[in-house]
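In what follows, a structure is listed as structure tokens, so that the remarks can point back to it.
Atoms within a ligand are numbered from 1 in the order they appear, just like the ligands themselves.
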Amino acid sequence: MNILILGGGGREHALAWAIQQNPKCDRLIVAPGNAGIAQMAECAALDIEDGGAVASFAEENAVDFVVIGPEAPLAAGVADRLTAAGILCFGPSAAAARLESSKSFTKEICDACAAPTAAYGHFNDADAARAYLRAQGAPIVVKADGLAAGKGVIVAQTLAEAEAAIDDMFGGAFGGAGAEVVIEEFMEGEEASFFVLCDGDTVLPIGTAQDHKRVGEGDTGPNTGGMGAYSPAPVMADAVCDKALEEIVRPTMAEMARRGTPYRGVLYVGLMIRDGQPRLVEYNVRFGDPECQVLMMRLGGQVLDLLLACAEGRLAEARVNWAEDHAMTVVMAARGYPGAYEKGSVISGLDALPEDSTNMVFHAGTKEADGRITASGGRVLNVTARGASLQEARERAYAMVDRIDWPGGFYRRDIGWRAL
Ligand code: AMP
Ligand code: GLY
């Protein structure tokens with residue numbers, strides 16, 4: 001089959017790497033891709049948020065299956081447009097993608113299906129929001145309702161911080177995403193992510209992961225998109241997974257179907273776990289980045305069969321074959337990230353690294369110029385390895401990191417510390 005993947009980060013490199021191992025994959029195109037993806041697949045320049053353009057491109061290139069990586073095209077209705085054109089695709093409709101694109105919508109769904117989550121209020125004006133804040137006290141969490149590229153959540157330790165966040169959001173700091181604000185109870189516990197496929201009816205768990213969101217070692221400093229991740233997440237014991245499925249995921253999926261907007265795709269279930277009880281922090285309607293990289297490392301080529309079964313409504317007959325292994329990815333980022341960072345610094349040493357089913361460097365933000373790989377984003381490389389234990393995966397990942405020569409980059413040395 002001819003397959004088109006939309007996106008150009010480490011998540012899409014990992015998806016491409018896994019999908020290409022499946023013998024069903026004949027031709028693989030990634031739009032827009034990046035320098036690492038270009039070494040293994042065709043890259044195409046395409047406006048991936050323009051459903052019409054994606055559908056025309058798919059028709060012209062006899063694409064049989066489109067896999068949508070990021071949330072923006074999903075929220076923009078690219079899956080709807082492809083489905084209307086009769087093109088098979090992996091990823092939810094815009095209506096179902098509201099589970100990520102509107103935080104108040106997700107809270108409303110949790111209320112409707114009694115899924116455990118933080119108590120909350122949602123507001124369209126600053127005065128009412130401030131009154132609620134004062135009544136609740138700190139610590140408290142302030143969230144812009146819409147998509148804000150991971151920046152719309154402020155975990156406020158003091159009321160002053162929370163009020164400043166309210167002012168910023170209603171002041172337009174997050175554009176339209178902050179016109180509505182959700183204020184939530186601060187939940188304590190350990191955070192983990194749970195990934196399930198859903199075809200509108202059947203739910204199939206495909207793995208758990210934990211990531212490190214803070215830029216600094218010991219989980220300190222500003223939030224980032226994720227500085228590293230590992231799978232499985234030790235805190236996601238079978239009993240916790242079962243509770244999350246029965247109390248949160250299945251009721252949500254049933255409520256979405258009942259509303260006439262069934263969810264089809266991968267659901268990223270962000271959980272806070274305390275005393276064995278999971279509560280929902282957030283949903284994302286796509287694979288996590290960098291969580292996808294560790295999941296793909298563990299799943300390999302079977303992932304294409306799973307994504308196809310999901311898109312075709314055949315999940316009831318699908319099975320996941322797990323190796324009892326562990327995977328870790330270490331993010332290498334450009335100096336300055338998550339603040340202002342420099343682009344264009346040269347990365348060497350990548351050619352000499354192993355590329356096999358246990359070791360893989362996924363590219364997140366790279367370009368090729370004159371035969372050299374240069375950094376073109378904040379998060380640039382995802383150095384990923386598998387092992388019989390998390391310790392072994394970690395040793396392999398850092399052994400690769402040590403062989404990469406990139407003076408313009410940095411990384412955390414302590415990925416996985418909580419689990420080890
Ligand atoms: P989100 O974009 O919803 O994932 O929020 C970003 C991060 O903020 C989460 O990964 C959590 O670490 C934290 N967070 C969000 N909501 C809460 C909450 N209600 N209680 C505690 N931490 C939270
Ligand atoms: N790593 C967090 C995310 O993909 O949202």
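For ligand 2, the 4.0 Å heavy-atom shell contains residues Asp211, Gly225, Tyr268, Asn284, Arg286, Gly288, Asp289, Pro290, Glu291.
Proximity to Lys103 (heavy-atom distance under 4.0 Å) selects the following atoms of ligand 1: 2 (O), 3 (O). Per-residue contacts place Lys213 under 4.0 angstrom from the following atoms of ligand 1 (heavy atoms of the residue considered): 10 (O). Interface of Glu282 with ligand 1, defined as ligand atoms under 4.0 Å from a residue heavy atom, comprises 1 (P), 2 (O), 3 (O), 4 (O). Close approach of ligand 1 to Glu191 (heavy-atom distance below 4.0 Å) involves ligand atoms 9 (C), 10 (O), 11 (C), 12 (O). Of all atoms in ligand 1, numbered sequentially from 1 with element shown, those under 4.0 Å from a heavy atom of Glu185 are 18 (C), 19 (N), 20 (N). Close approach to Lys143 involves these atoms of ligand 1, each under 4.0 Å from a residue heavy atom: 3 (O), 15 (C), 16 (N).
The shortest distance between side-chain heavy atoms of Val320 and Gln302 falls below 4.5 Å.
Within the 4.0 Å heavy-atom shell around ligand 1 one does not find Glu188.
Between the side chain of His326 and the backbone N or O of Ser389, no donor-acceptor pair lies under 3.5 Å. With hydrogens and angles ignored, the 3.5 Å screen pairs no side-chain donor or acceptor of Arg394 with any backbone N or O of Gly387. With hydrogens and angles disregarded, a donor-acceptor distance shorter than 3.5 Å links the side chain of Asn22 to the backbone of Lys24. Side chain of Glu395 to backbone of Glu392: no donor-acceptor contact under 3.5 angstrom is found.
With sequence neighbours left out, the side-chain hydrogen bond (donor to acceptor under 3.5 Å, both in side chains) criterion links Asn34 to no other residue.
For Asp325 and Arg386, the salt-bridge test passes: some basic side-chain N is under 4.0 Å from an acidic carboxylate O.
Every pair passing salt bridge (charged side-chain N to carboxylate O under 4.0 Å, His left out) that includes a residue from residues 253-265 is listed here, sequence neighbours excluded: Glu108-Arg259, Glu255-Arg258, Glu255-Arg259.
For Tyr132 and Phe123, the ring centers are positioned less than 6.0 Å apart.
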For residues 193-206, tabulate all N or O donor-acceptor pairs below 3.5 Å that involve a side-chain atom, not counting sequence neighbours.
from	atom 1	to	atom 2	distance (Å)
Ser193	OG	Ala209	O	3.4
Asp199	OD1	Asp201	N	3.0
Asp199	OD1	Thr202	N	2.8
Asp199	OD2	Leu315	N	3.0

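Among the atoms of Met187, some N or O lies under 3.5 angstrom from an N or O of ligand 1.
Which of Val153, Asp219, Ile183, Val141 comes nearest to atom 23 (C) of ligand 1 through a heavy atom is settled by distance: it is Val141.
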